[in-house]
Amino acid sequence: MSIQFFKYQGAGNDFILIDNRGLSFKDTDNKIVHKLCDRRFGIGGDGFMLLQNHPDFDFEMRYFNADGNPGSMCGNGGRCIVAFAKHLGIIDSETNFLAVDGPHYAKISDEGNWVDLQMIDIDTISKDGEAYVLNTGSPHYVAQMQGLESYDVYHNGKEIRNNETYRSEGINVNFVEDQGDHLFVRTFERGVEDETYACGTGVTAVALSMAYRKGQTGHVETPVKVLGGNLNIKFDYDGSRFTQVFLCGPAEKVFEGKISI
Ligand SMILES: N[C@H](CCC[C@H](N)C(=O)O)C(=O)O
């Protein structure tokens, strides 16, 4: 069987997208997803998404990590699927869609390549030593450091992700360096089991953790630089709860094609 696919990227976090409104793609075989995401034997991608119809929403986002297993929420994937929905003519400038962590509101630029995606509200941040641990739709570990440019994110991230605390469920490991007018973030992603060029729920977790650490309340905007570009996180913080959390950034179609599965 041959399927039509679309390849998108958001700040270098790249995804395979399938219009599955006709339910032609049966996702029971995770090996197929894993192979499609392989950069040598498939199309290549950090994740794989099915856009499906839903009776109460514009569409439903079903996300899989590159290892073929269903993932938790993917922020950059969410922004890319909104751009895809606009490309397909399902939405115009705003949308309400359903993802694994619940409903999401998003707005998209007229050109269709810049998406502001609302993330879930957060009221729980815990600590693991000096690091912050929180769930922004996906679980994240946030460690502050200096010298991130030359840091070994792969080996250190992998070690934390596989330590006794996190081994079974896994966690996404973010390293952050404050560079003055912006934060610089690098992430080791669970499910990809490698460093990616950007992680949307990750930079969101980082921005919230830094505000929590500083007790920075009110409306906060945090520009973040990642390996694949720039993202902006906006939210309101009243000292106990983060609301109106928006992950803002680029989402672009790279190519499309057909592949036999
Ligand atoms: N790249 C994603 C995170 C994918 C989530 C996945 N790695 C997991 O923990 O299941 C993002 O932009 O938020």
Side-chain angles (χ1 to χ4, degrees), residues 7-17 27 30 33-34 37 39 44-50 61-84 97 99-102 104 106 114-120 122 133-142 153-154 157-158 160-162 165-176 183 185-209 222 224-233 235 242 245-252 254:
K7 177 75 191 284
Y8 274 71
Q9 61 88 13
N13 206 187
D14 64 338
F15 310 99
I16 300 163
L17 281 143
D27 54 69
N30 294 352
V33 173
H34 178 55
C37 289
R39 297 190 188 280
D46 295 327
F48 174 94
M49 281 177 275
L50 298 174
M61 162 182 172
R62 300 200 44 221
Y63 184 80
F64 299 78
N65 279 314
D67 65 5
N69 295 313
S72 40
M73 180 55 186
C74 177
N76 289 325
R79 295 188 312 92
C80 286
I81 205 167
V82 169
F84 183 47
F97 69 96
V100 65
D101 62 344
H104 285 265
W114 188 273
V115 179
D116 292 0
L117 170 66
Q118 188 167 9
M119 310 298 284
I120 55 170
I122 311 285
V133 177
L134 64 161
N135 193 309
T136 51
S138 279
H140 286 277
Y141 177 103
V142 176
V153 168
Y154 176 75
K158 189 175 176 170
I160 294 166
R161 181 257 183 263
N162 289 299
T165 313
Y166 305 114
R167 190 178 302 140
S168 59
E169 293 295 309
I171 198 156
N172 299 281
V173 183
N174 306 273
F175 300 100
V176 53
L183 301 174
V185 177
R186 292 176 63 189
T187 305
F188 178 94
E189 262 193 55
R190 141 182 112 162
V192 182
E193 305 308 330
D194 203 348
E195 180 177 13
T196 54
Y197 276 20
C199 179
T201 50
V203 295
T204 305
V206 167
L208 303 190
S209 300
T222 309
V224 177
K225 187 178 86 158
V226 294
L227 292 183
N230 298 302
L231 295 161
N232 202 356
I233 298 90
F235 54 88
F242 297 91
V245 181
F246 277 86
L247 168 67
C248 312
E252 283 168 5
V254 189

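The structure presented is a predicted model; accordingly, all values stated were derived computationally and were not measured. Atoms within a ligand are numbered from 1 in the order they appear, just like the ligands themselves.
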Taking everything shown except Lys7 itself, do over 12 heavy atoms lie less than 6.0 Å from its NZ?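 Correct, the count exceeds 12.
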Can the ring centroids of Phe235 and Phe246 be said to lie less than 6.0 angstrom from one another?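 Judged by ring-centre distance (under 6.0 Å), Phe235 and Phe246 do not meet the cut-off.
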Under 4.0 Å from ligand 1 - residues by heavy atom, chain and number: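 Asn13, Tyr63, Asn65, Gly71, Ser72, Met73, Cys74, Gly75, Asn76, Ser138, Asn172, Glu189, Arg190, Cys199, Gly200, Thr201.
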side-chain contact (heavy atoms from CB on, under 4.5 Å) with Asp46: which of Ile16, Asn65, Val192?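 Single side-chain contact (heavy atoms from CB on, under 4.5 Å) partner of Asp46 among Ile16, Asn65, Val192: Val192.
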Does a side chain donor of either Ser138 or Asn172 reach within less than 3.5 Å of an acceptor in the other side chain?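 There is no such pair between these side chains.
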Closest non-hydrogen atom pair between Gly75 and Leu117, with its separation: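 Taking Gly75 first and Leu117 second, the nearest heavy atoms are O-CD2, 3.4 Å.
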Does Ala99 offer a backbone N or O that forms a donor-acceptor pair with the side chain of Arg62 under 3.5 Å?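 Answer holds: no.
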